[in-house]
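Working notes, beginning with the structure itself.
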Amino acid sequence: TYKPAPAYGGDGATHNGVWGNGGPTYQWQYPVPSIDFSKVTADYNACIAKAQSNGLYFAKTNKLGYYFKLKSNGTIEEYIVKNETSGGLTFTTGTPVATLAAPANGILYVQDNVWVEGTGWPGRINIMSGRLPESPATNTSITVVGNLTYAAKDGSAVIGLIAQKDVLVATYAPNTIEINAAALAQKGNVWYPNSGGVKTNLQFYGSISTYDTWTWLWTNGGGNPISGYPTNTTTYDTNLLYGPPPCYPTTGNYSVLNWREQLYNP
């Protein structure tokens, strides 16, 4: 149970973990077994080895972190982020540090903060941000700064965003934005922070797993928007059930519901 604050749209009452006025309620599952988010740290170690062997691995910078632009041709532009202000990012160079081919195994691991955007991404990729050994003072985040979309919403393309701390939308992101991603915040939030202006519309397609808060909009006690996207839609990508991003943490196992041998004459 939890008691959401008015800033999150709460009504002052304690609610079950899944609640609302929508439906059909038979599609809601509550309660379910809890998931240990500390398991993600163990997954980090396995994914680092895979990124180093057949993916893309980036060490910590002496700046703020990395910016990646995912291109519709399957390549990735890499920049080093020098500064971030309310107006956006500045980089160490005016052109990409490198233009990279997509990781062969789909795993891109960064021991630093990440900023990302891109439209029409055609492949399968998991962008992971985490600094090890883990310490609360150095936990890293992933920030979406612009539209981040698949080439097609048919399971052929997928973008994972796994952050040690937060997965967030930048306060300087466009007023209207679309994000396609499987987002996971291990120790923080998936949100638009309560420090930017009121935007217009956000469309999210994918999945959200968060240790703490998930919200695209902040309101005052009267329910009036004070920060974020007043109009927002979050849609689950059902293709993720059987086709999650590479090296993405999952729970449970498949089971055989029915099996039979089919005989035929060649």
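Side chain of R124 to backbone of N105: no donor-acceptor contact under 3.5 angstrom is found. Proximity of a side-chain donor or acceptor of T143 to a complementary backbone N or O of A170 within less than 3.5 Å is not detected. Judged by distance alone, the side chain of Y57 and the main-chain N or O of A49 form no donor-acceptor pair under 3.5 Å. Between the D11 side chain and the A13 main chain, a donor and an acceptor come within less than 3.5 Å of each other. In this structure, N126 contributes its side chain and I159 its backbone to no donor-acceptor pair below 3.5 Å. N189 contributes a side-chain N or O that, together with a main-chain N or O of T213, makes up a donor-acceptor pair within less than 3.5 Å. Panel note: side chain Q164, backbone K187; no donor-acceptor pair is recorded below 3.5 Å. With hydrogens and angles disregarded, no donor-acceptor distance shorter than 3.5 Å links the side chain of R131 to the backbone of N113. Listed for the T140 side chain is a donor-acceptor partner under 3.5 Å among the backbone atoms of S129.
Between F91 and K63 there is no side-chain heavy-atom pair separated by less than 4.5 Å. At least one side-chain heavy atom of L202 sits less than 4.5 Å from a side-chain heavy atom of V169. Counting heavy atoms from C-beta outward, W191 and W218 have side chains that approach closer than 4.5 Å. No side-chain heavy atom of Q203 sits less than 4.5 Å from a side-chain heavy atom of N232. Between V144 and L168 there is no side-chain heavy-atom pair separated by less than 4.5 Å. Two residues are said to be in side-chain contact when any heavy atoms from C-beta on lie closer than 4.5 Å; T219 and N224 fail this criterion. Taking the side chain as every heavy atom from C-beta outward, L70 and T119 never approach each other to under 4.5 Å. For the pair V145/V116, no side-chain contact is recorded, criterion being any heavy-atom separation below 4.5 Å from C-beta on.
A single hydrophobic cluster is seen to contain both L161 and F58, as judged by linkage of ILVMFWY side chains at heavy-atom distances under 4.5 Å, directly or through other members. In terms of hydrophobic clustering, with Ile, Leu, Val, Met, Phe, Trp and Tyr side chains grouped at heavy-atom distances under 4.5 Å, V198 and W216 are assigned to different clusters. Following chains of ILVMFWY side-chain contacts shorter than 4.5 Å, one can reach I76 starting from L148, so the two form part of one hydrophobic cluster. A continuous path of ILVMFWY side-chain contacts below 4.5 Å connects L241 to V158, so both sit in one hydrophobic cluster.
For the pair K199 and Y192, the cation-pi test (distance below 6.0 Å, angle within 45°) is failed.
Using a 3.5 Å distance cut-off with no hydrogens or angles, the side chains of E117 and Y67 do pair a donor with an acceptor. Between the side chains of T149 and N147, no donor-acceptor pair of N or O atoms lies under 3.5 Å. Residues N180 and Y150 have side chains that never bring a donor and an acceptor to within less than 3.5 angstrom of each other. T210 and D212 are not linked by any side-chain donor-acceptor pair at a separation below 3.5 angstrom, with hydrogens and angles left out of the test. Residues Q52 and Y109 bring no donor and acceptor atom of their side chains to less than 3.5 Å of each other. No side-chain N or O of S209 forms a donor-acceptor pair with one of W214 less than 3.5 Å apart.
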Item to complete: List the steps, then state whether side chain to side chain contact (heavy atoms under 4.5 Å, CB included) holds for W121 with K71.
Response: CA-CA 6 Å; W121 175 253; K71 308 286 286 185; 5.7 Å; no
Practice prompt. Would you sort out whether L217 and Y229 count as a side chain to side chain contact (heavy atoms under 4.5 Å, CB included), showing the intermediate values?
Written response: CA-CA 5 Å; L217 175 67; Y229 292 86; 5.7 Å; no
Practice prompt. Could you walk me through whether K69 and E78 pass the side chain to side chain contact (heavy atoms under 4.5 Å, CB included) test, one step at a time?
Written response: CA-CA 7 Å; K69 186 165 187 177; E78 171 201 350; over 6 Å; no
Practice prompt. Give the intermediate values and the outcome of side chain to side chain donor-acceptor pair (under 3.5 Å) for residues T61 and D112.
Written response: CA-CA 7 Å; T61 69; D112 215 329; 2.8 Å; yes
Worksheet entry | T92 vs V81, side chain to side chain contact (heavy atoms under 4.5 Å, CB included): CA-CA, chis, key distance, verdict | CA-CA 6 Å; T92 56; V81 178; over 6 Å; no
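Taking both residues in full, the closest heavy atoms of G206 and L240 are given as C-CD1, 3.7 Å, listed atom of the first, atom of the second, then distance. Here the closest non-hydrogen pair linking L184 and P249 is CD1-CG, 4.2 Å. Of all heavy-atom pairs spanning A157 and A152, the tightest one is CB-O, 4.0 Å.
Residue-environment remark: NZ (K153) exceeds the threshold of 12 foreign heavy atoms within 6.0 Å. In K3, the NZ atom is not crowded: 12 or fewer heavy atoms of neighbouring residues, nucleotides or ligands sit closer than 6.0 Å.
Between F68 and Y66, the ring planes lie parallel to each other; the angle is under 30°, not in the 30° to 60° tilted range.
The line from CG of L108 to SG of C47 is 11.5 Å long, rounded to the nearest 0.5 Å. Considering OH of Y211 and CG of D166, their distance stands at 13.0 Å, rounded to 0.5 Å. Atom OG1 of T138 and atom CD of Q111 lie 9.5 Å apart (nearest 0.5 Å).
With Y205 as reference, D237 is the one residue of T235, D237, T233, T234 to meet the side-chain hydrogen bond (donor to acceptor under 3.5 Å, both in side chains) rule.
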